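Below, chain A is the first sequence line, B the second, and so on; all start at residue 1. Being a predicted model, the structure only gives us computed values, none of them experimental.
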2 protein chains.
Amino acid sequence: MSRRSGILEFAVLGLLRESPMHGYELRKRLNTSLGVFRAFSYGTLYPCLKALVAHGWLVEETGGGPDGVPATALTGRRAKIVYRLTPAGKEHFEELLSHSGPEAWEDEHFGVRFAFFGQTSRDVRMRVLEGRRSRLEERLEKMRTSLARTRERLDDYTLELQRHGMESVEREVRWLNELIESERAGRDQRAPEPTAQGENDQSADTGGLPRHRGGSRPDPSE
Amino acid sequence: MSRRSGILEFAVLGLLRESPMHGYELRKRLNTSLGVFRAFSYGTLYPCLKALVAHGWLVEETGGGPDGVPATALTGRRAKIVYRLTPAGKEHFEELLSHSGPEAWEDEHFGVRFAFFGQTSRDVRMRVLEGRRSRLEERLEKMRTSLARTRERLDDYTLELQRHGMESVEREVRWLNELIESERAGRDQRAPEPTAQGENDQSADTGGLPRHRGGSRPDPSE
DNA sequence: TTCGTCATGTAATGGGTTACATGATTAC
DNA sequence: GTAATCATGTAACCCATTACATGACGAA
């Protein structure tokens, strides 16, 4: 009944926070903007949406505009079900955003968490990035020792696979180093939050990213 | 019936082909030598082993050596169940090895397939490598167009995530290019397979790997 | 008119983990 | 003697996919 996916729930709430959407559109955003990592199917998404509605975090808007004209009549298409985040849903999402525990930096979660860093407070960003980095470093350590013990007994292809795998992890660590450095630089520029956790801490100003190319953030009017 | 994992089945058969092992040891090999990718639990492994036995691809050796002395008496340990590949199992594994279809180069399978390239014939290796490469290239193409369409509407973090993701894929493509080149060079050295596909093509001589040149440090101990 | 895309959903199935149950052996 | 590791297994659950069912619209 529940279908408490965690990661999907988080992503859906986060996307709907920007603007209401219907399921079909949501899935596309999930697999392009956030995508790369996972490609959720409708069989996963729709039941999840229903569950979120049951929790009171979303509301369905089957009908049309404020005049009561059904969407079907307006668009001609099959009645879309537009999902909108409720205040309770927004609150819940912000609670999830504030978590910086181990779950946040595991393989499956980290990408999605990162995708919503724009809505995440700077100190949570830091903890997540550092957590991820130390996670990868301990993994690297394991790989190194395991490799040292078995190097002789492995054939060339297995060895090459191992080498490439380790290089990939090392590369991600370097990436994280850059990001952490940038975050720290950004933090130094402005006095960091005194003590209180302001409830309006979203819109957490984008403190720092390595300069590749930024561009602008025009408002998400749709 | 049960638990036809495909990838696990393949890896188990491949490891047992080298030498008989019991479940516990098998799992460790699975998560170190082949590891990095997946970490199978006993809840997955043991039922899988039973299923493979039921198929006649493995036999359990609960007892001791040829003299009939039980292993318990020999080692003192709890009776291990040593699994040994049957001729039918070996045949089955070699059949799996010869497949070079799309399943072989998808994310989940490719790593394990590569790990057993030492047992794979050269032309299959080529097809798998090239298949993987074109798979990644088409993924890259999708990412590029999707990025081009939505670049303006994405915030800096999402953009950075996308950029890093694409770079990772590009990096793997370059890796594959090197590998393919090496394979081709190895092939040129001694023109194999005149026209027919030799049935005894296993023990495929390790034709080519980038011999630790060009950026690959052979010794990670710093 | 047929095909591609939009749009929503469900039932069966798959593939895997977690937690549990059990117990022997080794190292301290 | 007790903790860690070796060693095998099962049942309950979880998350997600696949295949299916339905149907409307736009364009060729």
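Ion pairing of Glu25(B) with Lys28(B) is absent here, as no side-chain N (NZ or NE/NH1/NH2) approaches a carboxylate O to less than 4.0 Å. Classification of Glu60(A) and Arg84(A) as a salt-bridged pair fails, no side-chain N sitting under 4.0 Å from a carboxylate O.
The side chain of Tyr24(B) has dT8(D) as its nearest neighbour among dT10(C), dG9(D), dT8(D). Listed candidates were dT17(C), dT8(D), dG9(C). Nearest to the side chain of His22(B) is dT8(D). Comparing dT18(C), dG9(C), dG9(D) against the side chain of Tyr46(B) picks out dG9(D) as the nearest.
The distance from atom CG of Leu45(B) to atom P of dT18(C) is 15 Å, rounded to the nearest whole Å. The nearest whole Å value for the distance from the CD1 atom in Ile81(A) to the C1' atom in dG23(D) is 14 Å. Rounding to whole angstrom units, CZ of residue Phe40(B) and P of dG9(D) are separated by 18 Å. dT8(C) atom C1' lies 17 Å from atom CD of Glu61(A), rounded to whole Å. The NZ atom of Lys80(B) sits 17 Å away from the C1' atom of dG9(D) (whole-angstrom rounding). Distance, Glu9(B) CD to dG15(C) P: 10 Å, rounded to whole Å. Distance, Tyr83(A) OH to dA7(C) C1': 11 Å, rounded to whole Å. Rounded to a whole Å, the CD atom of Glu108(B) is 15 Å from the P atom of dA16(D).
In this pair, His22(A) and Tyr24(A) present their aromatic rings parallel. The plane angle is below 30°, not in the 30 to 60° band. The aromatic rings of Trp175(B) and His164(A) lie parallel to each other, with less than 30° between the two planes, well short of the 60° mark.
An OP1 or OP2 oxygen of dT5(D) is reached within less than 4.0 angstrom by no side-chain nitrogen or oxygen of Lys28(B). For Lys50(B) and dT10(D), the shortest distance from a side-chain N or O to OP1 or OP2 is not below 4.0 Å. Dashed line: the shortest gap from a side-chain N or O of Thr44(A) to OP1 or OP2 of dT17(D) is under 4.0 Å.
Here Ile7(A) lies in heavy-atom contact (under 4.0 Å) with sugar-phosphate atoms only.
Residues satisfying the side chain to side chain contact (heavy atoms under 4.5 Å, CB included) criterion with Glu130(A), sequence neighbours excluded, are Met126(A), Arg133(A), Ile180(A), Arg184(A). Under the rule for a side chain to side chain contact (heavy atoms under 4.5 Å, CB included), the partners of Arg127(B) that lie at least two apart in sequence or sit in another chain are Ser100(B), Asp123(B), Val124(B).
Taking the six-membered ring for Trp and the full ring otherwise, the centers of Phe10(A) and Trp57(A) sit at least 6.0 Å from each other.
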N/O contacts under 3.5 Å, protein versus nucleotides 19-21 of chain C?
none

